[in-house]
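Lettering follows sequence order; numbering is per chain, from 1.
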Number of protein chains: 2
Amino acid sequence: MFQLDLRESKPLYEQIKEKMKELIISAVLKPDERIPSVRELAQTLTINPNTIQKAYKELENEGFIYSVRAKGNFVAPLEQKAIRPRRDELRKELEKIVAELSYLHEPEEQLISTIQAIYQEKEGKKDD
Amino acid sequence: MFQLDLRESKPLYEQIKEKMKELIISAVLKPDERIPSVRELAQTLTINPNTIQKAYKELENEGFIYSVRAKGNFVAPLEQKAIRPRRDELRKELEKIVAELSYLHEPEEQLISTIQAIYQEKEGKKDD
DNA sequence: TGTCCGTATTATAAGTAATAATACAGTTGA
DNA sequence: TCAACTGTATTATTACTTATAATACGGACA
């Protein structure tokens, strides 16, 4: 499914969260699709189950997955997410990054075409 | 100069780094301008000098400031910065954020006009 | 020469991250 | 029915990070 970087300074559970988010956002994992169980993923990545549990719990709090007792964890459909606050958060982050990029003389056109490319790719995978 | 949020989970030295970066990026602090000394800022913010020192040291490593023994810390001119790797880093972050925003159905036009606004504001303060 | 600067070191306390070992309860299929 | 799988919870331990504290050294400069 993905690999972790043990040399990375970022906590393992954060890395797991990130990778899982990427798979959900990029629609590799579809809504209501089952993701690996806590124990299963722990074994695959050869890390402790509690670390997976922590990552999954936070992903659930953030609305990316939901868990069903004795069945597993599943990708949350978009409607279930608390979209508003997360979007506000992301906009702020975006503004910071763009401010720094402009400070570093990154051309404005470059950023715009990056955005257009990402949105265009999205067009190809409309299943949500 | 700025204030810290002690309730915030983010480490104090990270908060200091962020705020200082913002001031540099927004050109409130100009190249070669002196910033508060380690002890002075520590007193202002009523935190430990070592915490400021850590923040300043990292800012120096990232090329935002330079320090001169017995004189103080100063805003680094852009030329001194290792621009390339930092820009690559920022582009990657930007892509992640835009991907998530598009997943959350943020309109593409919204993002583009945000970028345009930031670059336009930059035009007003051309002193670098 | 006293005062302010950056820098360095060592110690301590509190919080976080990761592992480990268990335990409980619900689901499911053989 | 029950074994095997799920999520969930708890407690303990270790290592690392964060923040504070108390000093100390050496350069700059009025």
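- Atom C1' of nucleotide C:dT16 and atom CD of A:Glu58 are separated by 12 Å, given to the nearest angstrom.
- For A:Glu60, the listed nucleotide lying nearest its side chain is D:dT8; candidates were C:dA21, D:dT8, C:dT9.
- Whole-Å rounding puts the B:Ile52 CD1 to C:dC5 C1' distance at 15 Å.
- Taking atom CD of residue B:Glu8 and atom P of nucleotide D:dT18, one finds them 14 Å apart after rounding to whole Å.
- Atoms CD (A:Gln43) and P (D:dA4) sit 15 Å apart, rounded to a whole Å.
- Under 3.5 Å, the side chain of B:Arg69 and the base of D:dG26 form no donor-acceptor pair of N or O atoms.
- OP1 or OP2 of D:dT8 has not a single side-chain nitrogen or oxygen of A:Lys57 nearer than 4.0 Å.
- Between B:Glu14 and A:Gln53, the residue anchored nearer the 5' end of DNA chain D, judged by the nucleotide with its closest heavy atom, is A:Gln53.
- For B:Asn73, whose side chain is taken as the heavy atoms from C-beta onward, the closest listed nucleotide among C:dG6, C:dT19, D:dT20 is C:dG6.
- Of the listed residues (B:Asn73, B:Leu41, B:Ile24), just one forms a side chain to side chain contact (heavy atoms under 4.5 Å, CB included) with B:Ile35, and that residue is B:Asn73.
- Within 6.0 Å of CD on B:Glu14 lie more than 12 heavy atoms contributed by other residues, nucleotides or ligands.
- Between the side chain of A:Thr46 and the backbone N or O of A:Gln43 there is no donor-acceptor pair closer than 3.5 Å.
- Taking 4.0 angstrom as the limit, A:Tyr13 places a side-chain polar atom (N or O) nearer than this to OP1 or OP2 of C:dA17.
- Rounded to whole Å, atom P of C:dA8 lies 13 Å from atom CZ of B:Arg39.
- Between A:Glu22 and A:Lys19, none of the side-chain N atoms (NZ, or NE/NH1/NH2) sits under 4.0 Å from a carboxylate O, so this pair counts as no salt bridge.
- The distance between atom CG of B:Asn48 and atom P of C:dA13, rounded to the nearest whole Å, is 15 Å.
- Toward the 5' end of DNA chain D, the nearer of the two residues B:Ile47 and A:Ala70, judged by each one's closest nucleotide, is A:Ala70.
- Relative to the side chain of B:Ser67, the nucleotides C:dA21, C:dG6, D:dA21 differ in distance, and C:dG6 lies closest.
- Taking atom CG on A:Asn50 and atom P on C:dT22, their separation rounds to 13 Å, with Å as the unit.
- In this structure, A:Arg34 atom CZ and C:dT27 atom C1' are separated by 11 Å, rounded to whole Å.
- Both A:Pro49 and B:Ser37 sit near DNA chain C, but only B:Ser37 has its closest nucleotide nearer the 5' end.
- Of the candidates A:Arg87, A:Arg86, A:Lys122, A:Arg84, B:Glu106 forms a salt bridge (charged side-chain N to carboxylate O under 4.0 Å, His left out) with just one, namely A:Arg87.
- Note on A:Lys71: a side-chain N or O is less than 4.0 Å away from OP1 or OP2 of C:dT28.
- Distances were taken from every side-chain heavy atom of A:Thr51 (C-beta onward) to each of D:dA21, D:dG7, C:dA18; the shortest belongs to C:dA18.
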